[in-house]
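Letters A, B, ... mirror the listed sequences (proteins, then strands); counts begin at 1.
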Number of protein chains: 2
Amino acid sequence: MLSHKTKYALKALLYLAQQDENHISRTIEIAEGASIPKKFLEQILLDLKRGHFVGSKQGKYGGYYLLKDKETITLADIHRLFDGAIALLPCASLNFYERCSDCVSESECLLRHGLMTIRDETLKAMQGITIASLVKK
Amino acid sequence: MLSHKTKYALKALLYLAQQDENHISRTIEIAEGASIPKKFLEQILLDLKRGHFVGSKQGKYGGYYLLKDKETITLADIHRLFDGAIALLPCASLNFYERCSDCVSESECLLRHGLMTIRDETLKAMQGITIASLVKK
DNA sequence: CCTAAACTATACTAAATTTATAGAATTTAT
DNA sequence: ATAAATTCTATAAATTTAGTATAGTTTAGG
């Protein structure tokens, strides 16, 4: 399941993707437009900025705008930024690999292979969902 | 990501699936064989029993055994029993449907459709992984 | 240069969930 | 009767999540 943070991030990106080119959206505008607690959204937008998905303009008349092309921002990207690994266990993850604490022998683990198969299929599906594809729907 | 509970449940089922037909495994035996904290495993086995995946025999020489055919126990089943919904949001779930608290209009939600697509693909993949397929690997 | 309006940064808190552990009760074979 | 096992309920510790608070910085415009 997605955390609220990830869901809010996606909703915020969808909001930004629906604005006119060159439009800058204030946090409060996004918060009200997408039903997201404003203070929480501030954090999320900063994270999205650090991830180079959005850009910002500071000071009066400042705000946020989409930095990356909406065709290139995928569900997988946002999931990884906020919720981390796509794989079902860290030992089956590409970007967040970690050995299981209870693992005796990774090479002999019966679970791992199956979970890597799932990871590949889920990842492919999640990379197929972009902000643009969601807006078009 | 899977919770430890779900991971342990899968490891316990894999352990049982590898025993001889008619063999009954004590909790301590499964715990040591699959590196699972014994007391935690007790709870998990009870849950698996309530889900009709395993059967038990009480008293001396008692223990647990696979109740369902290992070909029919899927990753999706165990995920649902312990971690709940497969979908990324409750509003996109088949078995754990719930409206989002921040949802203004479900029919106009841009996220939901994409998440239902992901759910269908993930579910299909997870239903393709069975205890038997994991053991065979 | 002052002020209002906005983003930025860090710390904190409350609630929920997860990961167990403890202990007593019950069941069964011998 | 006893030992060995499951069953049940409660509790505790740790972690994560969701959200709030507060102070600081930046910028446009008068």
Tell me the interatomic distance from B/Ile30, atom CD1, to D/dA4, atom C1', rounded to whole angstroms. 15 Å

Other residues, nucleotides, ligands: >12 heavy atoms within 6.0 Å of B/His23 NE2: yes

Is it true that a side-chain atom of B/His79 and a backbone atom of B/Leu2 form a donor plus acceptor pair closer than 3.5 Å? no

Salt bridge (Lys or Arg N to Asp or Glu O under 4.0 Å) between A/Asp102 and B/Lys7: does it pass, once the steps are laid out? CA-CA 10 Å; A/Asp102 59 318; B/Lys7 177 176 66 174; 2.7 Å; yes

From B/Ile86 CD1 over to B/Ser93 OG, what is the distance, rounded to the nearest 0.5 angstrom? 8.5 Å

Proximity to DNA chain C (any heavy atom under 4.0 Å), residues of residues 59-66 of chain A only: A/Gly59, A/Lys60, A/Gly62, A/Gly63, A/Tyr64

Taking only heavy atoms on the protein side, list every residue of residues 42-55 of chain A lying under 4.0 Å from any atom of DNA chain C, sorted numerically. A/Glu42, A/Gln43, A/Leu46, A/Lys49, A/Arg50

What range of DNA chain C does chain A touch, first nucleotide to last, counting atoms under 4.0 Å from its heavy atoms? C/dA5 to C/dA11

Take atom CG of B/Asp102 and atom C1' of D/dG19, then tell me their distance rounded to the nearest Å. 14 Å

Quick one: do A/Asp77 and A/Thr74 satisfy side-chain hydrogen bond (donor to acceptor under 3.5 Å, both in side chains)? Show the steps, please. CA-CA 5 Å; A/Asp77 295 332; A/Thr74 74; 3.2 Å; yes

Give the other cluster members for B/Leu67, using side-chain heavy-atom distances under 4.5 Å between Ile, Leu, Val, Met, Phe, Trp and Tyr residues; answer none if it is isolated. B/Ile24, B/Tyr65

Expressed as a whole number of angstroms, how long is the span from B/Lys39:NZ to D/dC8:P? 13 Å

Minimum-distance pair of heavy atoms, taken over all atoms of B/Ile131 and B/Ala17: CG2-CB, 3.5 Å

Can you list the residues that meet the ring-ring contact (aromatic ring centres under 6.0 Å, His included) rule with A/His4, with sequence neighbours excluded? A/Tyr8

Is the side chain of A/Lys11 donor-acceptor paired with the backbone N or O of A/Ala34 at a distance under 3.5 Å, no angle test? yes

Is it true that a side-chain atom of B/Thr117 and a backbone atom of B/His113 form a donor plus acceptor pair closer than 3.5 Å? yes

B/Gln58 CD to D/dA3 C1': how many Å, rounded? 15 Å

So which one's nearest nucleotide on DNA chain D is more toward 5', B/Ser56 or A/Ser3? B/Ser56

With sequence neighbours excluded, residues passing salt bridge (Lys or Arg N to Asp or Glu O under 4.0 Å) with B/Arg112: B/Glu106

Round to a whole Å and report the spacing from CE of A/Met1 to P of D/dT17. 13 Å

Where along residues 80-95 of chain B does a heavy atom come under 4.0 Å from DNA chain C, residue by residue in number order? none

Mind jotting down which residue pairs meet the salt bridge (Lys or Arg N to Asp or Glu O under 4.0 Å) criterion with at least one end in residues 117-129 of chain B? Sequence neighbours excluded, please. none

Atom-to-atom span, NZ of A/Lys57 to C1' of D/dA28 - whole angstrom: 7 Å

Set of residues satisfying salt bridge (Lys or Arg N to Asp or Glu O under 4.0 Å) with respect to B/Arg50, sequence neighbours excluded: B/Asp47

Apply side chain to side chain contact (heavy atoms under 4.5 Å, CB included) to A/Ile118 and list each qualifying residue two or more places apart in sequence or on a separate chain. A/Leu88, A/Thr122, B/Leu75, B/Ala125, B/Met126, B/Ile129

With a 4.0 Å limit, can you tell me whether B/Thr27 has a side-chain N or O closer than that to the phosphate oxygens OP1/OP2 of D/dT6? yes

Separation of D/dA18 P from A/Ile36 CD1 (nearest whole Å): 13 Å

Mark yes or no for whether B/Asp83, through its side chain, and B/Ser3, through its backbone, hold a donor-acceptor pair below 3.5 Å. yes

Between the opening five pairs and the closing five pairs of the helix from C/dC1-D/dG30 to C/dT30-D/dA1, how far apart are the helix axes, to 10°? 10°

Side chain to side chain donor-acceptor pair (under 3.5 Å) with B/Lys60: which residues, sequence neighbours excluded? none

